[in-house]
Amino acid sequence: MALRIFNVLGREKQDFVPLVKGQASMYVCGPTVYDYSHIGHAKNYIAFDVIARYLRSTGLDVLYVQNITDVGHLLDSGEDRILRKAAQAQAKPMQIVETYTRAYFEAMDKLGVQRPDISPRASGHIPEMFKMIETLLEKENAYVANGSVYFDVSTDPNYGKLSNRRLQEQEAGTREAVRGEKRNPEDFALWKRAEPEHILRWDSPWGEGFPGWHIECSAMSLKYLGPSFDIHGGGIDNIFPHNESEIAQSECANDAEFARYWILVGSLTVDGIKMSKSLGNFITIEDALKQFPAPVIRYFMQSVHYSNPVDYSDEAMHGTARGWERLANAVRLARQMRQNAATGDDGGTFVERLNSLHADFSAAMDDDFNTPQAIAGLQEFTRDVNSFLNSGTTIGRNTLDSILDTYETTAGSVLGILPSAEADSGSVQRETSLIQMLIDLRMQARKSKNWAESDRIRDELAAIGVILEDRADGTVWKMG
RNA sequence: GGCGACGUGGCCAAGUGGUAAGGCAAGGCUCUGCAAAAGCCUGAUCACCAGUUCGAAUCUGGUCGUCGCCUCCA
């Protein structure tokens, strides 16, 4: 069965046929690094993480590019939002950018989001932007006004094809000062003249300034993926004007189809309303991780189809956590049984069930990355695994390996929702506590002169490399 | 005003023409020294109305309602 993707460009489910056989090129709009990442970012980037992971699992050679926006965004006041943050912190703009770029990657790492192959920064691609802007000027798709360069949307008859917006139906821009130098109210900036107080600025053929928001994605996707590539991803809230403008710039400048498949992810709300700082329902990824382990957050984000909105709430998260536990418990049980299982194929007939799970999983993911359906299949599978593991029949190590491998290649390497084996095998802190507990048990045995039990504990600990030494003031231990 | 989603059992959520997956919660039961885990059983005709069709949650039209976007946003 072939992979099908709902292409927002055209609004229909289509067979995925990559530009180059065996490869898939993907560009996803990345974050603006002016603050800590929130759970809305988590939903978005987990979705594309799973998409990239699944594409790879089918054997495709994926090249995944995701930008870091560290210049250019304007506030209503005309002030760059990164600069505003810098003023608050009395720090250099690039210091702010660096801080939140690192924080972004750290948060994503904790969520098990595999890093993109390339994470280009907008600030590092100013020359590439110049080149594209100059091309657009030469082709008269853009014009210079007072040191700024604007894209003339009236020169692109296809403008609006992604979001289905007709220019004349939109409300005119409200900023009089900005509108004054534009030919059409809908024209957007490719390059903005920097006012004196604007610290983050570059020399350009049109005077000192900084790039418009949309041009970076066009310039960087061209550089790393070429004029045409397979998949463009992002949040649905950026369909207009950002994605629409990207298409206009790139297709006018390159005379080539831009992205062939558009995958846009539904937004996340908190307790039914949009997340915003003023409402006090702004939840960072770090905050969420304090309450729930990363696999639970990933499971939650994938329990709804990526294109649909998700509502985050404590109630929903606790329900999700319980559902995840059931799956995780089965995996843990299988891991522990494997530790003591005899080698052999006992219970091998269960392999048929493994095959049917693989088939169900692939069918669900091939259908526009239907993770809710894939998870439903895993839950049914888990019921059968639990029955099997608890049935009392002898199960050989090979069979347990097969079960664990099945989980690993579906819930593990694709969805990224398995409990980590490390967490289950223990940590230094836990090991220390366990050893202390045994020492305390042994102390009780010694007090009651139960020397046989006391020596048994010491000998068995020694056998696994923990040496006990009795002192007048108590017992200490060390690794042998 | 324009664009776009959506409305499925108490909650979350798949399903886009052939008589409703899955999870959570709830109740009953099995297992069980206790606890936990696990398993079994129990529930919806799909916002409403009118059409198309042999047949619709699924297509068409309309009504009501929710949300997002049109200004920075993943």
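Naming: A, B, ... by sequence-line order, numbering from 1 per chain.
Across A:Phe16, A:Trp262, A:Tyr27, a single residue satisfies side chain to side chain contact (heavy atoms under 4.5 Å, CB included) together with A:Ile231, and that is A:Phe16.
Qualifying ring pair (Phe, Tyr, Trp, His ring centres under 6.0 Å) partners for A:Phe300, counting only residues two or more places apart in sequence or in other chains: A:Tyr312. Not counting sequence neighbours, A:Phe361 has no partner by the ring pair (Phe, Tyr, Trp, His ring centres under 6.0 Å) test. By the ring pair (Phe, Tyr, Trp, His ring centres under 6.0 Å) test, A:His305 pairs with no residue at all, sequence neighbours left out.
The distance between atom CG of A:Asp49 and atom P of B:A74, rounded to the nearest whole Å, is 18 Å. Rounded to an integer number of Å, the gap from A:Arg4 CZ to B:U16 C1' is 12 Å. The separation between A:Ile236 atom CD1 and B:C70 atom P is 12 Å, rounded to whole Å.
A sub-4.0 Å separation between OP1 or OP2 of B:A38 and a side-chain N or O of A:Asn329 is present. In this structure, A:Asn164 does not reach the B:C69 phosphate: none of its side-chain N or O atoms is under 4.0 Å from OP1 or OP2. For the pair A:Asn370 and B:G15, the criterion of a side-chain N or O lying under 4.0 Å from OP1 or OP2 is met.
Of the possible polar contacts, one joining the A:Tyr261 side chain to the A:Val17 backbone as a donor-acceptor pair under 3.5 Å is found.
In this structure, of B:A5, B:A74, B:C3, it is B:A5 that holds the atom nearest to the side chain of A:Pro309.
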Inset, instruction - At under 4.0 Å between heavy atoms, which parts of nucleotides 20-27 of chain B does protein reach? Answer with one letter per nucleotide, 5' to 3': B base, S sugar-phosphate only, - none. - result: -BSSSS--
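Taking the six-membered ring where tryptophan is involved, the planes of A:Tyr45 and A:His41 are essentially parallel, since the angle between them stays under 30° and well short of 60°.
The stretch residues 98-118 of chain A has no heavy atom under 4.0 Å from RNA chain B, so no residue of it qualifies as close.
For the C1' atoms, the distance from B:U32 to B:C40 is 16 Å, rounded to whole Å. Spacing of C1' atoms, B:C31 relative to B:U19, comes out at 37 Å, to the nearest Å.
The salt bridge (charged side-chain N to carboxylate O under 4.0 Å, His left out) contacts involving residues 229-240 of chain A comprise A:Asp230-A:Arg260, where partners must be two or more places apart or lie in separate chains.
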